[in-house]
Structure formats: C-alpha cells, structure tokens
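Here the structure comes first, spelled out in structure tokens, and everything after it is commentary.
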There are 2 protein chains.
Amino acid sequence: MSARRADAARNQASIVRAARKLVAARGLDVGMDDIAREAGVAVGTLYRHFPTKTDLVNAIVADHIEAIVHAMEAAMARVDAGGPALPELTGLLEWLAASVGEDHAAKAAATNLGSETVLGLEARAMATLERLVAAAQREGSLYPDVTAADLALLVNTLPGDEVPEPARRRWIQLALRAVCPPRG
Amino acid sequence: MSARRADAARNQASIVRAARKLVAARGLDVGMDDIAREAGVAVGTLYRHFPTKTDLVNAIVADHIEAIVHAMEAAMARVDAGGPALPELTGLLEWLAASVGEDHAAKAAATNLGSETVLGLEARAMATLERLVAAAQREGSLYPDVTAADLALLVNTLPGDEVPEPARRRWIQLALRAVCPPRG
DNA sequence: ACCTGAACACCGTTCAAGT
DNA sequence: ACCTGAACACCGTTCAAGT
C-alpha cells in the first residue's frame with residue numbers, strides 16, 4: 001500500500017500548513033485560492049486532497065480537538081498521580097480561553113466539543129472530562145450537580161476574539177464561580 | 001419634506017417584513033434574491049432601500065435591540081415601583097434565551113449588546129442595565145462585584161439554537177449561579 | 001497517479017433602461 | 001423619483017488537458 005507519490009504527500013502537508021496559518025489568522029472564510037497560493041499548488045490540487053472546504057477546515061479543527069484531548073489527558077494523568085483536580089480544571093479552562101482568543105480554528109474546535117461532529121475524538125474528550133469532573137467532585141471542589149456536559153457547554157460558549165481579552169478573563173472567572181463552591 | 005412615493009414606502013415595509021421572516025427562519029445568510037422575491041420586488045429595489053446586505057441586517061438587528069431595551073425599561077419601571085429586582089433580572093435572561101433560541105436575528109442582536117455597534121440603543125440598554133444591577137445589589141441578590149458589563153457579557157455568550165433547548169436552560173442556571181449568591 | 005488552470009455556478013452588488 | 005432585471009465580480013467547485 002501507500003504507493004503514494006512523494007509530491008502528493010508534500011503537497012498535502014503544505015496545504016494543511018498553509019490552511020492552518022491562514023485560518024488561524026484571518027478566520028474560516030479565507031479563500032481557497034489564497035490557501036492554494038500560500039501552499040504553492042493549484043486549486044485543483046487542493047480539491048484533490050480535500051474534496052470540499054468543509055473537509056479542509058474539519059481536518060484543522062480535528063487537529064485542534066486532538067490537542068485539547070491531549071491536554072486533558074495530561075491533566076488527568078497528573079490527577080491520577082495524586083495531584084489536586086481543581087487547578088488542573090481551571091488551568092485547562094484558561095489555556096482554552098487563550099487559544100480560542102488568538103486562533104479562529106481553536107474557537108471552532110471548542111464550539112464543536114460537546115456536539116457530535118468530527119469522529120470519536122470528542123468521545124475521548126468527554127470520557128476524560130468525566131473522569132476529571134469525578135475527581136474534582138471527590139475533593140469537593142465542584143458543586144455536586146455539575147457534570148462533564150456542563151463543562152463542555154461552558155467551553156462551547158467561551159467567547160473568542162470578538163470579545164476583548166480582559167472580558168474573556170472575567171468570563172472565565174464567572175464561569176468558575178458557577179461550578180466551584182467558594183473555598184472553605 | 002417626505003414627498004415620498006407611496007409605492008416606495010410600501011416596498012420598504014414589505015422588504016423589512018420579508019427580511020425579518022427569512023432571517024429569523026433561515027439565518028443571516030439568506031440570499032438577497034430570496035428576500036426580494038418574498039417581498040415581491042426586484043433586487044435593485046432592495047438595494048435602493050438598503051445599500052448593502054449589512055445595512056438590511058443591521059436594520060433588523062436594531063429592531064431587536066430596541067425590543068430588548070423596551071423589555072429592560074419595563075422591568076426597571078416595575079422595580080422603581082417597589083418590586084424586587086432579582087426576578088426581573090432572571091426573567092429578562094430567560095426571555096432573552098428563548099428569543100435567541102428561535103430567532104437568528106435575536107441572537108445577532110444579543111451578540112451586539114455590549115459592543116459599540118448600532119447607534120445609541122446600546123447606550124440606553126447599558127444605562128438601564130446599570131440601574132437594574134444597582135437595585136439588585138441593594139437587595140443583596142447579586143454578588144457585590146458583579147457589574148452591568150458582566151451581565152452584558154453573559155448575554156453576549158448566550159448560546160443560540162446551535163445548542164439544544166435543555167442545555168440552554170442549564171446554561172442560564174449556571175450563569176445565574178455565577179452572579180447570584182445562594183438564597184439566604 | 002497526480003497536477004494545472006481555465007471554466008462554471010452561486011450570490012452580493014451595480015447600472016442602463018424603463019415608467 | 002423610483003422600479004426592473006440583465007450584467008458584473010467574487011469565491012467555491014469542477015473538469016479537460018497535461019505530465
């Protein structure tokens with residue numbers, strides 16, 4: 001298998017790199033021609049690798065979701081090793097907010113977290129989130145009725161760069177107040 | 001002044017009505033041709049009344065903001081008459097969530113609440129919100145650090161119909177928990 | 001097999017011609 | 001003054017021709 005031509009592989013990588021860069025900077029409505037030019041290929045080539053713009057965007061968004069999943073699993077590993085869950089949770093939220101603030105694709109990724117798009121990545125994300133929530137609740141650092149779905153919902157509605165940075169910070173603070181009882 | 005031809009007035013009204021209907025139902029990316037057809041005019045006529053699609057959408061969004069301002073002022077009037085502020089605030093939030101859930105234009109209106117778009121309507125909105133917040137704080141039904149800007153921020157991030165209705169309800173509940181101390 | 005780029009379809013916008 | 005609808009520009013997508 002994989003009798004794949006070398007130029008094809010190079011082109012695909014180049015396309016993804018170009019798309020990631022332009023989408024992050026200028027948003028999800030960059031022209032396909034622009035992406036092709038930045039990648040140094042013709043539009044037709046772009047469409048050979050990604051049959052539709054949605055496919056290309058999804059590929060990038062999926063990458064971001066994967067990064068999110070990794071961050072969550074790393075956090076969970078530290079908790080499994082005996083660390084406290086609450087700082088992991090707030091750290092995650094803050095990291096997400098920062099990404100979502102400066103990268104349009106990250107925002108799209110966050111918005112898809114709770115929904116049923118993009119393969120089983122979200123399943124993994126939700127599974128880890130559930131374990132994190134359970135751990136945090138054992139510590140008493142989340143209200144007992146707060147669920148993983150609640151956290152996903154909040155991540156979904158994290159404001160992007162349409163809201164100025166200090167307001168984003170404040171939003172997180174409020175979100176935390178909604179899920180964490182005041183320190184005893 | 002106002003030597004305005006009767007058909008022009010009729011057409012304008014018809015256009016706005018058509019746009020409101022289609023935008024509410026199908027979102028902000030309805031075609032201008034579709035709106036023109038629904039209004040029973042040619043595209044050129046549409047563009048004579050609204051030089052750009054943004055203008056047309058803004059007109060509708062501004063109407064929604066006006067409705068929001070009226071609801072807020074009515075709530076404030078009841079508080080001025082001696083009523084409690086907290087139920088007015090939560091009622092407002094719930095009403096907004098319902099609108100934003102079924103009307104795409106309402107969602108856009110809510111998203112513009114804190115920002116500096118669309119004339120002085122938002123100034124009025126913020127002024128009233130500030131009075132409401134002050135009243136609620138005198139009752140002790142909001143955390144002392146919660147501001148009108150916070151409430152606007154939350155309204156901005158109210159999830160629209162991309163999130164299913166029960167999740168929207170839950171979101172509001174969490175938002176309220178972020179701003180209201182538990183009942184004494 | 002894969003790449004190229006001219007061509008098509010769609011939608012926001014314009015403008016010459018009508019009344 | 002205002003309306004009409006054919007025409008233009010732009011962008012996502014396709015496809016005949018190349019290698």
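Here is the naming used below: chain letters follow the sequence lines, and residue numbers restart at 1 for every chain.
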Value rounded to 0.5 Å, distance of CE in B:M72 from CH2 in B:W95: 10.0 Å
Summary of salt bridge (charged side-chain N to carboxylate O under 4.0 Å, His left out) pairs that have at least one residue in residues 38-60 of chain A, sequence neighbours excluded: A:K21-A:E38
B:R37 and B:D34 ion-paired at < 4.0 Å: yes
Ionic contact status for B:R20 with B:D103, cut-off 4.0 Å: no
Nucleotide-resolved protein contact map, nucleotides 4-19 of chain C, B/S/- at heavy-atom distance under 4.0 Å: BB------SBBB----
N or O in side chain of A:H49 less than 4.0 angstrom from C:dC3 OP1/OP2: yes
Expected output: side-chain A:T128 to main-chain A:R124 donor-acceptor under 3.5 Å: yes
Electrostatic pair B:D80-B:R131, nearest N-O below 4.0 angstrom: yes
Protein-nucleotide distance (B:I15, atom CD1; D:dC2, atom C1'), rounded to Å: 11 Å
Presence of salt bridge, A:D161 and A:R168, under 4.0 angstrom: no
Secondary structure string for DNA chain C (Watson-Crick or G-U under 3.5 angstrom, | for other-strand pairs): ||.|||||...|||||.||
A:E94/A:R169 salt bridge by N-O under 4.0 Å criterion: no
